[in-house]
Each structure stands twice: as structure tokens, then as C-alpha cells.
*Asks:* 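Below is one structure. I have some questions about it.
Quantities reported herein were computed from a predicted structural model and do not represent experimental measurements.
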Amino acid sequence: QVQLVESGGGLVQAGGSLRLSCAASGLTFRLSAMGWFRQAPGKEREFVTAINWTGGSTSYADSVKGRFTISRDNAKSTVYLQMNSLKPEDTAVYYCAASPGFGLRIRKDDYNYWGQGTQVTVSS
């Protein structure tokens, strides 16, 4: 059974930083593409960032480019999201997602497995 468990969310002031983690089990992590999505109240779940199986290729939404960094540690079966210069509009539930395979995945429908989400709230 595949499990993705996010952690690291919380309340932070605008301009601050948070680091999210997503620990994966039940799948061959090192052969899986990973991604982060977010969903604000009343809005659709949207793509934030993705990383391929080696970590050598990444993609970012324009809204977070230059502020967020995705990385992975295949030895720990964990993917990270470092979020800097946070803005109130970054407030959302952040979800980790996994897809067996090698290439980048940027669409929700490309992902097979999802975590339960972790709340990030940025105050102004």
C-alpha cells in the first residue's frame, strides 16, 4: 500500500520560510516522479512543482519560480519543498504526489498517489 505523508506545514509571516517534507512508502521511490500541488479554499488544486526520478530535472509554476525549490533524497524516500519569501497568496493545503515513471509530471491526472495534505498559512 502506497503512503505519502507530508509534514512541515504551519503558520508563518509574509517573507518567511517553511520546508515541507513528504515521506513515501510502498512504492519504488527512486523510480518515481514526484510533485507538489496546492489547493486554496474555493479554488482548484494547482501545480506547484515537480521533479523527475533522478532529481536532475525540475519544473515550477510561474507563481513560485525563484522562491520555491523542490529536491529529493532517494535514500530516504523523501521529497522536499523549500519555500522562501512566502506571500499570503501561498496560503493553501499542500499535497505531495507520486507517479511511477521517469519523466516530469505537471498535470494532476498524471499522478497515481496523493498524500493527505499539510496546511500552509501565510499571514500579512
Side-chain angles (χ1 to χ4, degrees):
Q1 181 181 355
V2 176
Q3 281 193 313
L4 302 176
V5 180
E6 301 101 334
S7 60
L11 173 64
V12 64
Q13 288 188 331
S17 299
L18 282 175
R19 188 194 196 204
L20 306 184
S21 300
C22 171
S25 61
L27 78 166
T28 306
F29 182 83
R30 61 183 175 83
L31 298 181
S32 297
M34 301 297 295
W36 287 96
F37 290 74
R38 67 186 182 187
Q39 188 167 16
K43 294 189 176 181
E44 295 283 323
R45 190 171 300 189
E46 65 175 5
F47 170 75
V48 176
T49 181
I51 190 167
N52 75 334
W53 65 298
T54 64
S57 183
T58 58
S59 179
Y60 295 90
D62 288 343
S63 59
V64 306
K65 206 170 289 184
R67 300 187 297 123
F68 290 12
T69 303
I70 189 171
S71 61
R72 65 188 295 159
D73 185 338
N74 285 348
K76 296 182 178 179
S77 297
T78 300
V79 62
Y80 304 98
L81 179 61
Q82 178 66 44
M83 305 186 293
N84 298 329
S85 302
L86 282 161
K87 304 175 182 179
E89 51 264 44
D90 294 319
T91 295
V93 177
Y94 283 70
Y95 296 90
C96 171
S99 174
F102 302 135
L104 283 175
R105 312 276 194 268
I106 64 172
R107 300 186 310 154
K108 291 191 302 285
D109 291 346
D110 290 335
Y111 286 89
N112 306 87
Y113 307 107
W114 294 84
Q116 82 289 350
T118 186
Q119 177 71 46
V120 171
T121 303
V122 184
S123 63
S124 56

*Asks:* Has Arg72 got its NZ or CZ under 6.0 Å from the middle of the six-membered ring of Phe29, at an angle within 45 degrees of the ring axis?
*Replies:* yes
*Asks:* Give the intermediate values and the outcome of side-chain contact (heavy atoms from CB on, under 4.5 Å) for residues Trp114 and Lys108.
*Replies:* CA-CA 10 Å; Trp114 294 84; Lys108 291 191 302 285; 4.3 Å; yes
*Asks:* Is there side-chain contact between Tyr113 and Pro100, with heavy atoms separated by less than 4.5 Å?
*Replies:* yes
*Asks:* Would you sort out whether Met83 and Val120 count as a side-chain contact (heavy atoms from CB on, under 4.5 Å), showing the intermediate values?
*Replies:* CA-CA 10 Å; Met83 305 186 293; Val120 171; 3.8 Å; yes
*Asks:* As an exercise, state the distance from CG of Leu4 to OG of Ser25, rounded to the nearest 0.5 Å.
*Replies:* 7.5 Å
*Asks:* Could you tell me how the ring of Phe37 sits relative to the ring of Phe47: parallel (under 30°), tilted (30 to 60°) or perpendicular (over 60°)?
*Replies:* perpendicular
*Asks:* Tell me whether Thr49 contacts the main-chain N or O of Ser59 through its side chain, where contact means a donor paired with an acceptor under 3.5 Å.
*Replies:* yes
*Asks:* Tell me, yes or no, whether the heavy-atom count around Lys43 atom NZ, taken from other residues, nucleotides or ligands under 6.0 Å, exceeds 12.
*Replies:* no
*Asks:* Provide the closest heavy-atom pair for Ser21 versus Thr78 in the form atom of the first, atom of the second, distance.
*Replies:* CB-CG2, 4.3 Å
*Asks:* Taking the side chain as every heavy atom from C-beta outward, state whether Gln119 and Leu11 have any atom pair closer than 4.5 Å.
*Replies:* no
*Asks:* Do Val2 and Val79 land in one hydrophobic cluster if side-chain heavy atoms of ILVMFWY residues count as linked below 4.5 Å?
*Replies:* yes
*Asks:* Can you tell me how far apart OH (Tyr111) and CE (Met34) are? Round to the nearest 0.5 Å.
*Replies:* 8.0 Å
*Asks:* Given 3.5 Å as the limit, does a donor-acceptor pair link the side chain of Tyr94 with the main chain of Gly9, or not?
*Replies:* no
*Asks:* Rounded to the nearest 0.5 Å, how far does CZ of Arg38 lie from CZ of Arg45?
*Replies:* 13.0 Å
*Asks:* Restricting to non-hydrogen atoms, name the atom on Ser99 and the atom on Asn112 that form the minimum distance, rounded to 0.1 Å.
*Replies:* OG-OD1, 3.4 Å
*Asks:* Please name the pair of heavy atoms, one in Pro88 and one in Ser124, separated by the smallest distance, quoted to 0.1 Å.
*Replies:* CG-CB, 3.8 Å
*Asks:* Glu6 side chain to Cys96 main-chain N or O, any donor-acceptor pair under 3.5 Å?
*Replies:* yes
*Asks:* Mark yes or no for whether Asn74, through its side chain, and Trp53, through its backbone, hold a donor-acceptor pair below 3.5 Å.
*Replies:* yes
*Asks:* Carefully, step by step, assess Phe102 and Thr54 under the rule side-chain contact (heavy atoms from CB on, under 4.5 Å).
*Replies:* CA-CA 8 Å; Phe102 302 135; Thr54 64; over 6 Å; no
*Asks:* To the nearest 0.5 Å, how far apart are OG in Ser32 and CD1 in Ile51?
*Replies:* 12.5 Å
*Asks:* Linking I/L/V/M/F/W/Y whenever their side-chain heavy atoms sit closer than 4.5 Å, directly or via other members, would Trp36 and Val122 fall into one cluster?
*Replies:* yes
*Asks:* To the nearest 0.5 Å, how far apart are CZ in Arg105 and CG in Asn52?
*Replies:* 9.5 Å
*Asks:* Which heavy atom of Ala33 sits nearest a heavy atom of Gly103, and at what distance?
*Replies:* CB-O, 3.2 Å
*Asks:* Answer yes when Lys65 and Asp62 have at least one side-chain N-carboxylate O distance shorter than 4.0 Å, and no when they do not.
*Replies:* yes
*Asks:* Is it possible for you to check whether Arg19 lies under 6.0 Å from the centre of the six-membered ring of Tyr80, through NZ or CZ, and within 45° of that ring's axis?
*Replies:* yes
*Asks:* Show the nearest heavy-atom pair for residues Ser17 and Ser85, with the distance to one decimal.
*Replies:* OG-N, 4.4 Å
*Asks:* At what distance, to the nearest 0.5 angstrom, does CG of Leu104 lie from OG1 of Thr58?
*Replies:* 7.0 Å
*Asks:* According to a 4.5 Å side-chain heavy-atom criterion applied to Ile, Leu, Val, Met, Phe, Trp and Tyr, with indirect links allowed, do Leu20 and Val93 form part of one hydrophobic cluster?
*Replies:* no
